[in-house]
Amino acid sequence: MKITVATVKPFAPAAVAKIKETVEDAGYEFELLEKYEDQGELIKAAANTDALIIRSDKATEEVIKAGGDRLKIIVRAGAGYDNIDLKAASENGVVVMNTPGQNSNAVAELALGMMVFGARGKFNGKSGSELKGKKLGIHAYGNVGKLVAKIARGFEMEVFAFDAFVPKEIIEADGVKALDSADELYSVCQYVSLHIPANDDTKQSIDYELLSKMPEGATLVNTARKEVIHEDDLLKLMNERSDFKYLSDIAPDKKAEFEEKFADRVFFTPKKMGAQTVEANLNAALASAKQIINYFENGDTTFQVNK
Ligand code: 3PG
């Protein structure tokens with residue numbers, strides 16, 4: 001039985017070594033496909049393995065079908081699994097899992113780092129502002145949102161959150177004010193940090209109506225997914241409001257236009273960096289390997305997302 005790591009954006013070498021050791025100690029064969037440039041290489045890898053560990057790599061229907069009878073499980077080493085065709089996986093008897101929480105701290109630290117970077121005018125030498133005392137809205141309160149709240153409270157920010165799926169008591173137990181709607185969150189908070197997944201309900205949901213509620217000096221921080229932003233609406237709003245900043249770990253499709261029009265008010269990481277720490281790589285990679293082995297050995301489907 002073979003377990004293949006297929007990642008365009010590689011894990012830290014220490015994380016790869018740890019997966020290899022874990023896989024081989026459990027008596028499985030290990031294969032590595034890194035920095036591949038052609039989707040065909042992923043398809044080929046899928047056709048020759050029993051299990052795949054991927055990151056934001058695109059596990060399309062073609063990839064899943066290429067797995068034939070052999071490919072049994074795909075683990076997304078990370079949180080968001082919008083890059084995997086869940087329907088095709090279920091139809092082809094492939095179990096899909098993620099590794100929730102394993103890279104959350106890295107993403108949360110980046111969200112706060114981007115806030116500081118934005119508040120200080122991207123370190124341009126002019127007087128910037130501080131996060132202390134500012135209102136931060138966390139949209140939504142999952143593993144990353146919770147950690148952003150914790151770190152932001154260390155900065156003495158006033159922290160608010162909205163999550164339709166998390167009971168208010170859970171949010172408020174962390175010293176965070178739980179609000180009733182996204183509308184309220186955006187109306188109250190000068191900073192909003194996005195932590196919603198990209199799905200049919202959320203795609204393009206961060207639109208003009210919502211964003212225009214944000215108070216003077218607004219900053220939107222996106223370490224989630226570009227797809228949740230309504231880019232044309234955001235462009236319109238930033239044209240109208242010279243106080244509005246957008247900082248994102250996932251460059252928008254209209255990156256060039258944003259950068260040309262609002263050079264001082266936007267920042268996009270050159271590559272998605274949220275989960276790109278040695279620690280997060282080690283956590284997510286190792287969890288992936290262990291989950292696959294536990295599935296093969298014991299049928300454990302705890303983290304399955306296509307049930
Ligand atoms: C996630 O969903 O876990 C993060 O967005 C990290 O994605 P990456 O593994 O592609 O960096």
Side-chain angles (χ1 to χ4, degrees), residues 4-16 18-19 32-37 39 41-42 45 51-60 63 74-86 89 96-114 138-148 163 165 193-203 206 220-229 247-253 268-292 303-306:
T4 301
V5 170
T7 51
V8 166
K9 186 172 63 181
F11 290 122
V16 175
K18 198 76 199 161
I19 304 185
L32 180 64
L33 170 67
E34 274 183 343
K35 296 187 200 169
Y36 60 92
E37 284 170 7
Q39 179 74 358
E41 292 183 65
L42 179 59
L52 270 179
I53 296 174
I54 60 170
R55 298 183 65 177
S56 290
D57 306 80
K58 306 229 171 312
T60 58
V63 170
I74 300 175
V75 176
R76 194 285 189 235
Y81 43 88
D82 46 306
N83 53 320
I84 303 176
D85 188 332
L86 293 188
V96 178
M97 295 184 188
N98 65 350
T99 64
Q102 299 293 347
N103 58 19
S104 304
N105 189 65
V107 181
E109 285 189 12
L110 185 76
L112 266 297
M114 285 172 69
I138 299 181
H139 188 190
Y141 208 72
N143 290 313
V144 182
K146 197 177 167 67
L147 286 167
V148 169
D163 191 317
F165 305 100
S193 191
L194 282 169
H195 302 292
I196 51 176
N199 57 39
D200 289 346
D201 294 330
T202 62
K203 280 182 188 160
I206 309 304
L220 178 68
V221 180
N222 186 2
T223 53
R225 291 290 182 270
K226 69 175 179 188
E227 289 82 1
V228 302
I229 304 287
L247 314 170
S248 181
D249 188 30
I250 322 94
D253 292 335
F268 309 123
T269 49
K271 270 198 178 162
K272 188 155 69 127
M273 288 299 296
Q276 203 57 328
T277 64
V278 175
E279 294 89 336
N281 288 172
L282 270 168
N283 290 342
L286 196 58
S288 304
K290 285 186 176 163
Q291 285 174 212
I292 290 171
F303 296 101
Q304 185 173 355
V305 294
N306 65 334

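All values derive from a computational prediction rather than experimental measurement. Residue numbers count from 1 along this sequence. Indexing begins at 1, ligand by ligand and atom by atom, following the structure's order.
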* To do: Please identify which atoms of ligand 1 are closer than 4.0 Å to at least one heavy atom of Gly80.
  => 1 (C), 2 (O), 3 (O)
* Heteroatom proximity flag, Ala275 to ligand 1, N/O under 3.5 Å -> no
* Asked: Can you list the atoms of ligand 1 that are under 4.0 Å from a heavy atom of Ser56?
  -> 7 (O), 8 (P), 10 (O)
* Nearest protein heavy atom with distance in Å, relative to atom 9 (O) of ligand 1 -> Arg55 NE, 2.9 Å
* Structure fact -> Note: ligand 1 atoms sitting under 4.0 Å from heavy atoms of Gly78 are 3 (O)
* Check the side chains of Asp249 and Thr269 for a donor-acceptor pair under 3.5 angstrom, ignoring hydrogens and angles. => yes
* Should Lys9 be listed as contacting ligand 1, given a heavy-atom distance under 4.0 Å as the test? -> yes
* Asked: Which residue holds the protein heavy atom closest to atom 3 (O) of ligand 1, what is that atom called, and what is the gap in Å?
  -> Ala79 N, 2.6 Å
* Asked: Does a donor on one side chain and an acceptor on the other come within less than 3.5 Å for Ser56 and Arg76?
  -> yes
* Structure fact -> Correct closest heavy-atom pair for Asp163 and Ala140 would be OD2-CB, 3.3 Å
* **Donor + acceptor pair across side chains of Asn283, Glu279 (<3.5 Å)** => no
* With a cut-off of 4.0 Å, which atoms of ligand 1 are near a heavy atom of Arg225? -> 1 (C), 2 (O), 5 (O)
* To do: Establish, from distance only, whether the side-chain atoms of Asp57 and Tyr36 form a donor-acceptor pair under 3.5 Å.
  => yes
* **Met273 near ligand 1 by a heavy-atom separation under 4.0 Å** => no
* Does Tyr141 OH have over 12 foreign heavy atoms under 6.0 Å away? -> yes
* Asked: When you look at NZ of Lys9, are more than 12 heavy atoms from neighbouring residues, nucleotides or ligands closer to it than 6.0 Å?
  -> yes
* Structure fact -> Here the atoms of ligand 1 under 4.0 Å from any heavy atom belonging to Asn103 are 1 (C), 3 (O), 6 (C)
* Flag if over 12 foreign heavy atoms under 6.0 Å of NZ, Lys203 -> yes
* Atom indices of ligand 1 within 4.0 angstrom of Lys272 heavy atoms, with elements -> 4 (C), 5 (O), 6 (C), 7 (O), 8 (P), 10 (O)
